[in-house]
Structure formats: structure tokens, C-alpha cells
Amino acid sequence: GYEVGAGGNGVATTGNVSFQAGGAIVQSKAIRANGLAVNSVGGTDLSPMRNVVNSFQATNSGSGDVRFNGGSGTLTVNGISNPVGNVALDVLGGLSVAGAINAGTHAVDLFANNAITQTAPITAGRLSAATFNDAGAAINLANPGNAIGGADLQTLNAIGDTPVDADITLTTSTALNVGAGGSGIASLGDVSLTSGGAISQAMPIGAGMLNLNANGGINLSQAGNATLALTVNNSGGNVVINNTAAVLDLGNVSQSVAGNV
């Protein structure tokens, strides 16, 4: 394995840094670089320090998670391959997924103070994504190649205790279970969910407006759901939605093939 900072100093350069280890990669000092690429066996944990890099790429095999904490700039993720464990990214700036993230059936956690976006797909059994910004920071994960089984999505204020007005968009080619990680969805903005299968839930949804697109039915019967406006497009299966908001502005509801609403 390899420990960054084992000799008492971290890494500081204006160029790119690559680490390749036959074991796990850990750190006791921070990394400053333009780009960072790691290849490990048994996990990479670069979360104890706030690392300052512009881009991050990781490959891990055998076992273990890939964890990275970043600074205030936008972090470009140039790809993370870790089908044997979880992936967790936590940055003080924004997150841009420019290369595919593959965690297999494991979890992907994306936390940022500014917007989270993607141009490459995410594969995960469960996705948790949250932004922390008083002015609102959007989550836009609409890549059609996403394969995400469950999702917890939140746009929160800076201290993370109150939803704010920022849009959330998620597309997955699979069935989607909202709240699989125990948090659900919380935003005062528009929330748009597009699923290649059915949409179900384990935790409530809070949204200014909720747009649902499913194939195989929608079952959002949790008692805590609260949205002010709703649109639905479903093909096959029933549509069941429980909403506690005092007034619901019902937009287009399209139910093709067989199924009740």
C-alpha cells in the first residue's frame, strides 16, 4: 500500500500526480495538484484531508471503497472504476462527472457546495447526492446511461438542515427506489425523475414541483410526500401518489397501456 504524507509532507505541484499501489492508498497529509489519478488494490481513502486538485480519476480492485475530499474549486471526475466497493466524493465546490463512475451494486455518494452535473454515466446500487448552498445549487444527473437502483437527493442550505429552491433531475435506465439510503428527496425546486422501469419509494419526497416519467408503474404512497405541483407520464402499471400538501396543481397526467391512476 501507500500512505500520502508518511514522511511528514504531503504532495504539492502544479502538474499532475499519479499513484499506483499494490495495496490500499491512504493519506495523512493533503495533496495539491492539477490532476490526480490513483490505482489501488484494497481501496483508496483520500478523505481525511481537503485535497486541492482540478481533476480526479481512480481505479480500485479486490475490495474496499474509493473516498475523496476536495477543496473549493469545481472537481472534474475523469472516471472512477470500483465495482467492488462504494464511491464517496465530498467537495467544497462543484462536481462535474466527465468520466463514468462504476460502483457496481454498491453506493455512490456525491456531496458538494455548488452544482453537481454529469456528461458520463453513473452505475450504482444506490446514489446519494446533496448540495449545500443558501442560494441553491442544482443536481443535474440526466445522463441516459445511468443505471441507479435507488436514490436520495437533496438541495439544502449551507448547514444542511433546510431544503432550498434548486432543481433536481435524475435519469436512470433501471427501476428506481426513492429513499433507498434513508433520506428521500428534499428540495423547494423542480424535481424530475425519469426511470426505465417502475418508480417506488422507501422515504418521502418534498418538492416544489414533481415531474415523473416511468415505465411499469409509479407507487409513491408514503404519507410524508409534499409537492405543490405534479406531472406524470407512465406506461404500464398503476400510478399511486399520496400527497400531503394543502393544494396540488395537477398538470399533465399520461397513463398509456393498462393501469389505474
Side-chain angles (χ1 to χ4, degrees), residues 109-117 126-142 146 148-172 174-261:
D109 296 334
L110 305 177
F111 302 130
N113 286 0
N114 293 325
I116 300 174
T117 62
R126 176 185 63 77
L127 170 70
S128 292
T131 59
F132 304 87
N133 191 312
D134 289 339
I139 298 171
N140 189 348
L141 299 175
N146 290 335
I148 298 165
D152 296 85
L153 308 167
Q154 300 174 314
T155 58
L156 304 173
N157 61 350
I159 63 173
D161 64 358
T162 304
V164 296
D165 187 355
D167 294 345
I168 296 174
T169 304
L170 176 68
T171 296
T172 179
T174 65
L176 178 65
N177 182 23
V178 174
S183 298
I185 294 177
S187 176
L188 299 183
D190 293 354
V191 173
S192 299
L193 304 177
T194 298
S195 171
I199 297 177
S200 60
Q201 71 179 150
M203 295 296 289
I205 297 173
M209 181 171 187
L210 182 59
N211 304 300
L212 302 171
N213 297 275
N215 185 6
I218 298 171
N219 186 352
L220 301 180
S221 56
Q222 282 272 337
N225 293 328
T227 183
L228 301 179
L230 176 69
T231 68
V232 176
N233 186 354
N234 178 61
S235 176
N238 297 329
V239 174
V240 179
I241 298 172
N242 188 7
N243 184 49
T244 62
V247 176
L248 176 65
D249 183 358
L250 188 60
N252 180 67
V253 176
S254 174
Q255 167 75 318
S256 59
V257 194
N260 301 318
V261 177

Quiz prompt | Thr117 side-chain N/O to Asn140 backbone N/O, donor-acceptor pair under 3.5 Å | solution = no
Self-check item: Donor-acceptor pair, side chain of Gln154 and main chain of Pro163, under 3.5 angstrom
Solution: no
Exercise. Given side chain to side chain contact (heavy atoms under 4.5 Å, CB included), test Leu248 with Leu230 step by step and report yes or no.
Key: CA-CA 7 Å; Leu248 176 65; Leu230 176 69; 3.9 Å; yes
Self-check item: Test log, rule side chain to side chain donor-acceptor pair (under 3.5 Å), inputs Asn211 and Thr231
Solution: CA-CA 5 Å; Asn211 304 300; Thr231 68; 2.7 Å; yes
Quiz item: Can you tell me how far the CG atom of Leu188 sits from the OG1 atom of Thr155, to the nearest 0.5 Å?
Solution: 7.0 Å
Exercise. Measure from the side-chain N and O atoms of Thr169 to the backbone N and O of Leu141, and report whether any donor-acceptor pair falls under 3.5 Å.
Key: no
Self-check item: Flag, side chain of Asp167 to backbone of Gly189, donor-acceptor distance under 3.5 Å
Solution: no
Practice problem: Answer yes or no: is there a donor N or O on one side and an acceptor on the other, between the side chain of Asn234 and the main chain of Gly217, under 3.5 Å? | Solution: yes
Quiz prompt | Polar contact flag, side-chain donor to acceptor under 3.5 angstrom, Asn233-Asn252 | solution = no
Quiz item: Nearest heavy-atom pair of Leu220 and Leu212: which atoms, and what distance?
Solution: CD1-CD1, 3.6 Å
Self-check item: Nearest atoms (heavy-atom pairs only) where Ala207 meets Val191
Solution: CB-CG2, 3.5 Å
Quiz prompt | Check: Leu127 and Leu110 side chains under 4.5 Å, non-hydrogen atoms | solution = yes
Self-check item: Qualifying residues under side-chain contact (heavy atoms from CB on, under 4.5 Å), relative to Thr172, sequence neighbours excluded
Solution: Ile148, Thr174, Leu176, Ser195
Exercise. Please step through side chain to side chain contact (heavy atoms under 4.5 Å, CB included) for the pair Ile241 and Thr227, ending with a clear verdict.
Key: CA-CA 11 Å; Ile241 298 172; Thr227 183; 6.0 Å; no
Quiz item: Quick one: does Leu170's side chain get under 4.5 Å of Ile185's, heavy atoms only?
Solution: no
Quiz item: Would you say the side-chain atoms of Ser183 pair up with the backbone N or O of Asp152, donor to acceptor, closer than 3.5 Å?
Solution: no
Quiz item: Between Ser187 and Ala166, what is the shortest heavy-atom contact and its length?
Solution: OG-O, 2.6 Å
Self-check item: Side-chain donor/acceptor of Asn177 to backbone N/O of Gly150, under 3.5 Å
Solution: no
Quiz prompt | Under 3.5 Å donor-acceptor, Asn219 side chain and Ser200 backbone | solution = no
Practice problem: Starting at CG of Asn157, measure out to OG1 of Thr131 and round the result to the nearest 0.5 Å. | Solution: 10.0 Å
Quiz item: Distance-only, no hydrogens or angles: does the Gln222 side chain make a donor-acceptor pair with backbone N or O of Ala202 under 3.5 Å?
Solution: yes
Quiz item: With distance as the sole test, does Asn225 use its side chain to make a donor-acceptor pair with the main-chain N or O of Pro204 at under 3.5 Å?
Solution: no
Practice problem: Quick one: pull up CD1 in Ile168 and CD1 in Ile139 and give me the separation to the nearest 0.5 Å. | Solution: 4.5 Å
Self-check item: Ser221 to Asn242 - nearest heavy-atom pair and separation
Solution: O-ND2, 3.6 Å
Quiz item: Which atom names give the shortest non-hydrogen contact between Thr244 and Ala226, and what distance separates them?
Solution: OG1-CB, 3.7 Å
Quiz prompt | Minimal non-hydrogen separation, Asp134 against Ala158, with atom names | solution = OD1-N, 2.8 Å
